[in-house]
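Below is one structure; the comments refer to it alone.
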2 protein chains.
Amino acid sequence: MSKPTIQDVAQKAGVGVGTVSRVLNNHPSVRDSTRAKILKAMESLNYTPNPHARRIAGGRSYTVSVMLPMVAAEFYIRLLTSIEETLGEQRYDAAIFPMLGRERLERYLESHTMPYQADGIIQITYNLAVLFPDGRMPTEQPVVLVDGKTDLYDCTYVDNYHGGLVAAEYTCQAPGEIYLVSFDDENDPDAIFKSLVFADRIHGFQEGVSRAGRSIKDTYFCGLQYHEGLAITKQIYDHAQFPITIFAGADILGRPMIDEAKSRGLILGQDVRIIGFDNQPWAAEIGLTTLHQPVEEMGAKAAHLLLERLSGFEGPPRQFCYQPFLIERASSLKSIPVI
Amino acid sequence: MSKPTIQDVAQKAGVGVGTVSRVLNNHPSVRDSTRAKILKAMESLNYTPNPHARRIAGGRSYTVSVMLPMVAAEFYIRLLTSIEETLGEQRYDAAIFPMLGRERLERYLESHTMPYQADGIIQITYNLAVLFPDGRMPTEQPVVLVDGKTDLYDCTYVDNYHGGLVAAEYTCQAPGEIYLVSFDDENDPDAIFKSLVFADRIHGFQEGVSRAGRSIKDTYFCGLQYHEGLAITKQIYDHAQFPITIFAGADILGRPMIDEAKSRGLILGQDVRIIGFDNQPWAAEIGLTTLHQPVEEMGAKAAHLLLERLSGFEGPPRQFCYQPFLIERASSLKSIPVI
DNA sequence: CTGTTAGCGCCTTCAT
DNA sequence: ATGAAGGCGCTAACAG
């Protein structure tokens, strides 16, 4: 009554274990008819290969570790989903390691822990390699970084600087005060996680505003939570001289700006223009103008890069940069009423 | 240059592999001196056992699957952390499976997927077993449920009904309208995840209010997000006849009630009394009266229960119930100013 | 193309 | 108490 093994399948299909193994690893040299026969046997036995045995025998377990800051932020869910789908195409599974904080990260870092037991590692947003003395992960496994740039490993990322620039150009099409609200971990000495994602957006925006000969009235930083964005929004609305334009470094911070504007009877696109970043699935619903980033493409590409490494590719690190683009919606459009 | 094996250790220590294996599984019958010798060899070789090999040979991988709705909600982070710590005491690791939604859950459910490759399963909040025709997980592994009650498996949970009751009693100590705002998945036919956590809180509260001969003016349901709580809060404050008391089924919903009250100049503990549920780490900061639940204890207990099963315990399912208790803070106290 | 066989790293008897 | 040997489920040659 225990799980069926490759032996059972071989017997049931009337072939040798070697052949079964071949179809498992879809080796080309197997006659279609026998392949079918074996597949049928696996089906009827409800057989699935034991990844531990595969790992120990063949040196690979068909799992890859995905290390990310957290799960539940929509951005990461989307990324994760696209990565898993792509890995699935080659029958790979993802083992998820949410770091969440310094303590957990440190546990995961030690070279004998779970993340290193997989065939490869995908890191999201944070390039953990920089935490090591030599700037490399303490492993021979292929590593790829998503949503971050590095010269040492394959990576896929968004040109956040450019996104900030575009936001600035659009901002400067209208008169009035300009505000910037964003998350920033760049200057937090205690932040073990660091990325340039937000810093780049900010710098791009600053550069763009200054190129247009304008200037930013005020800049605020806060965490990526609705209530934090709301608190800052109130400050801004309390003292601003309308019209104003606010660039929120993330959609989640743009959301309270819309809500609070409505609460106060401010007219969106006229008194207040709001620009987000991310184009979250709900951004359309609330009419938030924002910079779209191709999250799914980025994740899928990263997974592909890793799969290539896992099938033996040995070239130098490859970098893929995606350009975000502006999607104009009611939060910044005159005369189109917000639903 | 590859990783050292048990062979290397045995050789270096001048013993047989069997003995090394014994110290690995701390078997009693090993002389202290040889044990020390072997430990030293392992140390100098920087040896760590290959979990896949252990799994395949010994039938256990020293990992347990933790299946939870999501990560990033503080409740789950705390639970997860306590579980991992406890498992770690016995050298077990946790593999994390955030379900996040129907699609991912369904993938995980199939009996050949990753969650079933571990030695045991801890399920949080949602008793996935009910999704199967026979009401049991399709596996022989021990299962324990945290934050939910079941008769089939070991479980640890909070008496949410009692919590609701206590909240109601406290609520009814003051006059005025009574409101209830909570999350509820009970009546959502599409919700694949279901739990009685919130339903119990609600029922307990309703019962308590009615016992006191009072009645609930209005009940609202929404998702567990700040902005949703805020929207409802505004509705309530717009139409309420103060003083009022609001019971929020979760701290995260109580938070906007405090913020909005301040915004409107309502006096907490006088015009508006707010009671949350959870006692999140930040509840003290914002002065939120709430029902404390012993999250860490619950997680640690669950992990222990599983570890016992993993070491061979075979008794009938055990249930551990924790009683939440009220912590009174500024959001419901007269004359103590909220900071 | 396919059956056979030797390991992969470790645990578990069975002797000693 | 400890060494030797068989086997866990699978992959990877090696013969046919």
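Protein chains get the first letters and strands the later ones, always in sequence-line order, with residue 1 at the start of each. Please read all numbers here as calculations on a predicted model, not as lab measurements.
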Distance check needed: [N] [atom2] versus [X] [atom1], whole Å only.
{"X": "B:Q11", "N": "C:dG9", "atom1": "CD", "atom2": "C1'", "value": "15 Å"}
{"X": "B:I56", "N": "C:dC10", "atom1": "CD1", "atom2": "P", "value": "12 Å"}
{"X": "A:N26", "N": "C:dT2", "atom1": "CG", "atom2": "P", "value": "15 Å"}
{"X": "B:I6", "N": "C:dG7", "atom1": "CD1", "atom2": "P", "value": "19 Å"}
{"X": "A:D8", "N": "D:dG9", "atom1": "CG", "atom2": "P", "value": "8 Å"}
{"X": "A:N50", "N": "D:dT11", "atom1": "CG", "atom2": "C1'", "value": "13 Å"}
{"X": "A:Y62", "N": "D:dG9", "atom1": "OH", "atom2": "C1'", "value": "14 Å"}
{"X": "B:M42", "N": "C:dC10", "atom1": "CE", "atom2": "C1'", "value": "13 Å"}

Dump the pairs, protein N or O against N or O of nucleotides 12-16 of chain C, anything under 3.5 Å, distances to one decimal.
unit_1: C:dT13; atom_1: O4; unit_2: B:R22; atom_2: NH2; d: 3.4

Does C:dT2 have OP1 or OP2 sitting under 4.0 Å from an N or O in the side chain of A:S29? no

Phosphate OP1/OP2 of D:dC10: any A:Y47 side-chain N/O under 4.0 Å: yes

Scan for ring pair (Phe, Tyr, Trp, His ring centres under 6.0 Å) pairs involving residues 14-53 of chain B, sequence neighbours excluded, and state none if there are none. A:H52-B:H52

Residue pairs passing the ring pair (Phe, Tyr, Trp, His ring centres under 6.0 Å) test with at least one member in residues 87-107 of chain A, sequence neighbours excluded, are A:Y62-A:Y92, A:F97-A:Y108

Ignoring hydrogens and geometry, is there a side-chain-to-backbone donor-acceptor pair from B:R35 to B:N26 under 3.5 Å? no

Between B:L87 and B:V64, what is the shortest heavy-atom contact and its length? CD1-CG2, 3.7 Å

With a non-hydrogen cut-off below 4.0 angstrom, is B:V15 in contact with a base, only sugar-phosphate, or nothing? sugar-phosphate

Among A:Q117, A:R55, A:M114, which residue meets the side chain to side chain contact (heavy atoms under 4.5 Å, CB included) test with B:P51? A:Q117

Sequence neighbours excluded, which residues qualify as side-chain contact (heavy atoms from CB on, under 4.5 Å) partners of A:L145? A:Q123, A:N127, A:T150, A:C155

Considering the options A:R60, A:R91, A:R54, which one meets the side-chain hydrogen bond (donor to acceptor under 3.5 Å, both in side chains) requirement together with A:N25? A:R54

Which angle, to the nearest 10 degrees, lies between the helix axes at the two ends of the helix from C:dC1-D:dG16 to C:dT16-D:dA1, each defined by five pairs? 40°

Measure from the side chain of A:R54, starting at C-beta and using heavy atoms only, and say which of D:dT11, C:dC10, C:dC1 lies closest. D:dT11

Provide the full list of salt bridge (Lys or Arg N to Asp or Glu O under 4.0 Å) pairs with a residue in residues 124-134 of chain A, sequence neighbours left out, each pair given once. none

Side chains of B:T5 and B:N50 in contact at under 4.5 Å (non-hydrogen atoms): no

